[in-house]
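Just the heavy atoms: all of them, side chains too, but no hydrogens, waters or symmetry mates, feed the values below. Order of the sequence lines sets the chain letters (A, B, ...), proteins ahead of strands, with each chain counted from 1. The model shown is predicted, which means the values in this text are computed figures rather than measured ones.
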Amino acid sequence: MSIESIIKGKVVEAISACYGQKVEEESVQIQKTRREFEGDLTVVVFPFLRFSKKSPEETANDLGNYLQENIEAIPSFNIVKGFLNLVIDNTYWLSILNEAVKTDNYGFIPLVEGAKKVMIEYSSPNTNKPLHLGHIRNNLLGYSVAQILKANGYEVIKVNLVNDRGIHICKSMLAWLRFGEGETPESTGIKGDHLVGKYYVKFDQEYKKEIETLVTSGMDTDEAKKKAPLLLEAQEMLVKWEAGDEETVALWRKMNDWVLAGFEITYKTMGVDFDKVYFESDTYKQGKAIVMRGLEEGVLYQKETGSVWANLESDGLDHKLLLRDDGTSVYMTQDIGTAYERFDEFKIDEHIYVVGNEQNYHFQVLSLVMGKLGYEWHDKIQHLSYGMVELPEGKMKSREGTVVDADDLMKEMVNTARETSEELGKLSGYSKEEAEDVYYKVAMGALKYFILKVDPKKNMMFNPKDSIDFNGNTGPFIQYTYTRIQSVLRKAKENGVEIPEFAKKDLNISEKESFLIQMLANYPNVIKDAGRDTSPALISNYVYDLSKEYNQFYHDFPMNKEENEDLRNFRFVLSKQVAGIIKSGMSLLGVSLPERM
RNA sequence: GGUCCAGUAGCUCAGUUGGAUUAGAGCAAUAGCCUUCUAAGCUAUAGGUCCCAGGUUCGAGCCCUGGCUGGAUCACCA
């Protein structure tokens, strides 16, 4: 039981004892005492004035006396205005520290039988071009949220839905046929997804040329866009693909395999993975039967031309198309089908889709339509909607070449990490492989932290110059804090110091030290909040604050040089615990830590 | 035009059931600290009408109303 809930309970008792009134525990507000005042925890007494019918100071005094008498860990208190500042005994904090040390996976809720089952879909790439910065945010968020939910005791299933069919895929296929001269990843040494992406761009270039030619020969621009031979041919290709034309399907398969092999490498570098991968080519027809049933039941309607619609006017939205005139599926139809299948097959309690905020409307509609169709789980569809990644020069646009390629970016981060490290010359004694491993960890730590520290729902600015900064509020700063601790512990070992598992409880510790313990004690709450809000940013901020506090402590308090053995050992135990929490928190972000840097 | 999201220091961001005269970090700027556990660190200075106007109350960056600005979206594309 945490000290906060003990105090809350006692405050309720106190109100009852002093004023004969009943209050709810939730109405008791406890917060950290502000730095400028003496004390550790503060009870806000304003809400109780109507029970006490006394001044804030008198009320605080009544409560303070009661708490001091009834809680051993409170040796004294003081009152500032309507704030009751409680001093918590060092012994108490030290026992909290030891308690945390004792607990495996401190702050994590273990997975038990019957745990809440959550599916999380993320990544969802198109197989016509390589992954870019936007995908990076998506992947990192998806992976991290999955980690956070696991830490909250959920059973988590990570899935990916690969968009491997459609006109955009045919475009790169066609361009490769026309201009590729048989190029393969092997023959060119180009990573498969980049090679295919090259032909996607090529298609667009040639397509534009055709439009231009048609326009100069007198055609209207809009018409030219529709009549350009390349586009017509791509559309024809899609028809052939859907009809199962052998040659087309073989080409499609070959090029998709190139792309998927490329993605595999990118995912591995990013450190993300999936429990199950779906392919749109398997699922795109799904949902049609469900829509037809909805039509029969009268919750959907059909237009004269044959298309099927949902009327969402009563929910303040428009009409939404679910099947085309020709009876084929649209994007929404597929999602209806896969959502049904997933809830049915996996008996999940919740489904989170990690998708950009440009699709807020889509997911709002998906949930409403599922509700109309009578699925009671329709409100368990959760859209983890994240903001766009913007560049200093504006939005990323694939066609204008302003995208930041995922592979390039990660490579550049590693290069910068290498340069910085070599400049500082800190890895002497490391082999080349060991050093490269550190560069990779630092680089990815920087990138992941940079992206995950921002509240997911907000648009974020990605300034490449800032992202490779390794000072201040960055991943490497946190990693560095960790390596400092490791260094101290190594030094202790060299000195032949046996670090005990627990700290002695009757120590006189400084405010800084007790504050660090309080921060550590708050970690479980942070995990809970991050899970509730599906926000890795909460973890990031917490770990950063903890690291910053620790660095101040590190600067001011000697450890290996401390002569008081008990105090020294306490600091080792504290440091070890801080390192453990940093490692744990960073693992929730998918960031791994080097032992030296 | 409808709907949703955002607006906090020059820049990037924190600020979670409304709480303390002084709204926090980092970057950038300036000035300091390495014969002492890793200076990718620490300390200090400077930098703010929390978009605007009303309202709610003991108290508002946070809640309510109205407006302004920016973004997203409203396809027989995915």
Side-chain angles (χ1 to χ4, degrees), chain A residues 26-27 29 31 33-34 36-37 42 44 46-47 49 56 80-83 85 124 126 163 165-169 280 284 303 305-309 316-318 320-326 328 330-332 334-335 356-362 364-365 385 387-388 390 392 395 417 420-421 423-424 426 442 446 450 453-455 457-463 465-467 469-481 483-492 494-495 529 532-533 535 537-538 540-541 544-545 547-548 551-552 554-562 571 575 596-597:
Chain A
E26 289 84 65
S27 66
Q29 290 178 49
Q31 53 194 251
T33 302
R34 298 196 70 126
E36 56 268 38
F37 302 108
T42 295
V44 184
F46 288 111
L49 298 186
V80 181
K81 291 186 176 176
F83 298 91
N85 300 327
S124 315
N126 290 324
N163 299 297
R165 49 139 253 131
I167 189 74
H168 52 296
I169 309 293
E280 198 200 332
Y284 78 105
K303 282 192 181 170
T305 47
S307 53
V308 178
W309 297 72
L317 300 176
D318 287 333
K320 184 75 193 175
L321 175 85
L322 298 178
L323 286 177
R324 297 192 187 98
D325 283 344
D326 62 7
T328 53
V330 293
Y331 181 40
M332 183 61 71
Q334 174 192 239
D335 266 352
N357 63 10
E358 70 271 15
Q359 294 197 34
N360 287 353
Y361 179 73
H362 174 82
Q364 201 184 346
V365 170
S385 160
M388 321 210 76
E390 281 156 18
K395 273 191 224 159
T420 307
S421 178
E423 220 170 274
L424 296 170
K426 292 202 174 173
V442 170
F450 188 84
K453 75 174 173 186
V454 182
D455 182 343
K457 66 172 186 285
K458 289 192 180 174
N459 286 0
M460 69 171 289
M461 174 61 64
F462 188 88
N463 188 335
K465 217 175 89 228
D466 293 347
S467 71
D469 194 342
F470 294 160
N471 304 315
N473 187 356
T474 65
F477 168 84
I478 294 165
Q479 291 172 316
Y480 182 69
T481 309
T483 58
R484 278 182 133 179
I485 296 174
Q486 299 314 311
S487 173
V488 167
L489 298 175
R490 265 199 307 273
K491 196 70 117 201
E494 282 170 26
N495 295 345
D529 291 348
R532 187 198 56 214
D533 296 355
S535 174
L538 297 181
S540 312
N541 291 329
Y544 172 67
D545 289 339
S547 301
K548 188 150 182 54
N551 275 320
Q552 290 167 5
Y554 177 93
H555 186 263
D556 294 339
F557 295 83
M559 281 174 268
N560 284 303
K561 289 269 155 66
E562 173 59 49
R571 287 180 186 157
S575 298
R596 278 179 62 183
M597 66 187 274

Spacing between A:Y480 atom OH and B:C37 atom C1', to the nearest angstrom: 11 Å

Centroid distance under 5.5 Å and plane angle under 30°, A:F83 vs B:A20: yes

For atom CG of A:D556 and atom P of B:C37, their distance in whole Å: 15 Å

C1'-based separation of B:G41 from B:G55 [nearest Å]: 48 Å

Residue whose nearest RNA chain B nucleotide is more 5′ - A:V80 or A:N541: A:N541

Atom pair distance, as rounded to whole Å: CG in A:N360 and C1' in B:G2: 15 Å

Separation of the C1' atoms in B:A6 and B:G61, to the nearest angstrom: 14 Å

Stacking check A:F46 vs B:G19 (5.5 Å / 30 deg): yes

Among B:G26, B:U38, B:A20, the nucleotide that comes nearest once only the side chain of A:T42 is considered: B:A20

Residue A:K81, side-chain atoms from C-beta onward, closest of B:A20, B:G41, B:U21: B:U21

Distance-only donor-acceptor check, side chains A:H168 and A:N163, under 3.5 Å: no

Whole-angstrom distance between B:G71 and B:G54, as gauged at atom P: 28 Å

Sugar-phosphate only, base, or nothing, as touched by A:F37 at under 4.0 Å among non-hydrogen atoms: base

Sugar-phosphate only, base, or nothing, as touched by A:N560 at under 4.0 Å among non-hydrogen atoms: base

Check: A:R532 side chain, B:U16 base, donor-acceptor under 3.5 Å: yes

Syn/anti label of B:C27 as read from its glycosidic torsion, with the cut at 90° from 0: anti

Sugar-phosphate, base or nothing in reach of A:F557, heavy atoms under 4.0 Å: base

C1'-based separation of B:U17 from B:G7 [nearest Å]: 24 Å

A:R484 side-chain N/O to B:A39 phosphate OP1/OP2 under 4.0 Å: yes

Inter-nucleotide C1' distance (B:G67, B:C58), Å rounded: 30 Å

Sugar-phosphate, base or nothing in reach of A:S421, heavy atoms under 4.0 Å: base

Candidates B:A20, B:U38, B:U43 - which lies nearest the side chain of A:T33: B:A20

Contact state string [nucleotides 73-78 of chain B, B base, S sugar-phosphate only, - no protein heavy atom under 4.0 Å]: SS-BSB

No-H, no-angle donor-acceptor pair, A:D455 side chain to B:A6 base, under 3.5 Å: no

Nearest-Å distance once atom P is located in both B:C77 and B:C68: 36 Å

Mutual orientation of the aromatic rings belonging to A:F450 and A:F462 [parallel < 30°, tilted 30-60°, perpendicular > 60°]: perpendicular

From B:G26, B:G15, B:U38, nucleotide with atom closest to A:L538 side chain: B:G15

B:U8 to B:G2 separation - C1' atoms, rounded to the nearest Å: 29 Å

N/O (side chain, A:K458) to phosphate O (OP1/OP2, B:G7) under 4.0 Å: yes

Whole-Å gap separating C1' (B:C11) and CD (A:E390): 14 Å

Euclidean distance for P, B:C50 against B:A60 (whole angstrom): 13 Å

